[in-house]
Amino acid sequence: MSRPAVANIRLDAFRHNYTLAKKLHGGRALAVIKANAYGHGAVQCARAIEDQADGFAVASIEEALVLREAGIASPILLLEGFFEDAEIPEIEDSNLWIVVHHSWQVQAILAARLSRPLTVWLKMDSGMHRVGLAPDEYRLAYENLKRHPNVAQIVLMSHFACADELVSMHPLQQIKTFRAATTGIDAPVSLSNSAGILGWPSSHADWSRPGIMLYGADPLLEKDKGSDVSGNLLRPVMQFASAVISLRTIPKGEPVGYGCAFVAERPIRVGVVACGYADGYPRVAPTGTPVAVDGKLTRLIGRVSMDMLTVDLTDLPDANLGSRVELWGDQVQVNEVASRAGTIAYELLCNVKRARFQYSDTSQ
Ligand SMILES: *Cc1c(COP(=O)(O)O)cnc(C)c1O
């Protein structure tokens, strides 16, 4: 048998989450599959929803070409547009949509010699202050692009800084800024990422851009939620799992693992699991982080090493060599592991590597 660390990707869950995102928001939905579909496999995920998806969004032309080469013909939006003018011919050839977030990109489009016009998503900095045209330069840029033969259609877009915080006032301020700067412009609008879809109905417009929710992780911060808005309706797509490869019982007072960072408070049965930070399990996850062994919850103990981690099997007498250990998936939420590790589900999912990827699709 080969090393048991696996990432099982359930494409039926991915499809379910896309359908749900689209229904909750209304209108059309670009499935955000940048960074290899948040670590899940961009080609497999795109193929799973190709029939119903209104389009896809990625971070770069390289990511888009992987999809085109796999035969995905749907619209693909480049979320940062082009990084240099030299990419424009390739964008034209591969029929990609582009975000335009900076005045130099506007100038480059106006100056380009094209054989067919481009679809532009014109991005406003409505308050996040990362990328986007300032509200007071937005309308002029829109008008210059609109009347130029190099531009086919324009979608007006912006992105939220704090949509995951339901108690924040910032998303509403951003929506207000965006609406004020676009009054009277007759063009489709896109504001909502996953948190916008789930938490901010006033951000709903013509197009949504769900990312993390497609993978089954709810981006809304637990502490802000009164009742669960939609979290239980999302289905986790990745099951990250491995198996127990070694077992021992150690007496009270003995340490486990690197740095002797954990010391047994009582005689303890320790299971060693073939998964470590080189597979993408966070090294900073502390003792106490939940794991599920043969379906039963227990805890991580000691430091995570490169290829292995250790779990507490003291209260799981049936656990043995070969027992399946879920690191995250159905029983252990990736959000829970992320919060223990001081990060977000996005980062954990993107980091999964080396483990064998297996794809399943029960509805096909
Ligand atoms: C990544 C990204 C998204 C998706 O965000 P989620 O929080 O994963 O839903 C949407 N829009 C833009 C511009 C992005 O860069």
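Counting starts at 1 for both ligands and their atoms, following the listed order.
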Nearest-neighbour protein heavy atom for atom 15 (O) of ligand 1, which is reported as residue plus atom name and distance: Lys34 NZ, 2.7 Å
Any N/O pair Ser194/ligand 1 closer than 3.5 Å: yes
Heteroatom proximity flag, Arg130 to ligand 1, N/O under 3.5 Å: no
Plane angle bin for Tyr38 and Tyr215 - parallel if under 30°, tilted between 30 and 60°, otherwise perpendicular: parallel
Arg340 and Glu336 ion-paired at < 4.0 Å: yes
Nearest non-hydrogen protein atom, atom 12 (C) of ligand 1: His159 CE1, 3.5 Å
Ion pair Arg356/Asp279, N-O distance below 4.0 Å: no
Heavy-atom nearest neighbour of atom 7 (O) of ligand 1 within options Tyr38, Phe160, Tyr215, Tyr346: Tyr346
Salt bridge flag under 4.0 Å for residues Asp315 and Lys296: no
Within one Ile-Leu-Val-Met-Phe-Trp-Tyr cluster: Val284 and Val352, side-chain cutoff 4.5 Å: no
Any N/O pair Val32/ligand 1 closer than 3.5 Å: no
Under 3.5 Å: N/O of Ile212 near N/O of ligand 1: yes
Closest approach of any protein heavy atom to atom 10 (C) of ligand 1, naming residue and atom: Arg209 O, 3.5 Å
Numbered atoms and elements of ligand 1 in range of Lys123, under 4.0 angstrom, heavy atoms: 13 (C)
N-O pairing of Asp12 and Arg235 below 4.0 Å: no
Sub-6.0 Å ring centroid separation between Phe56 and Trp97: no
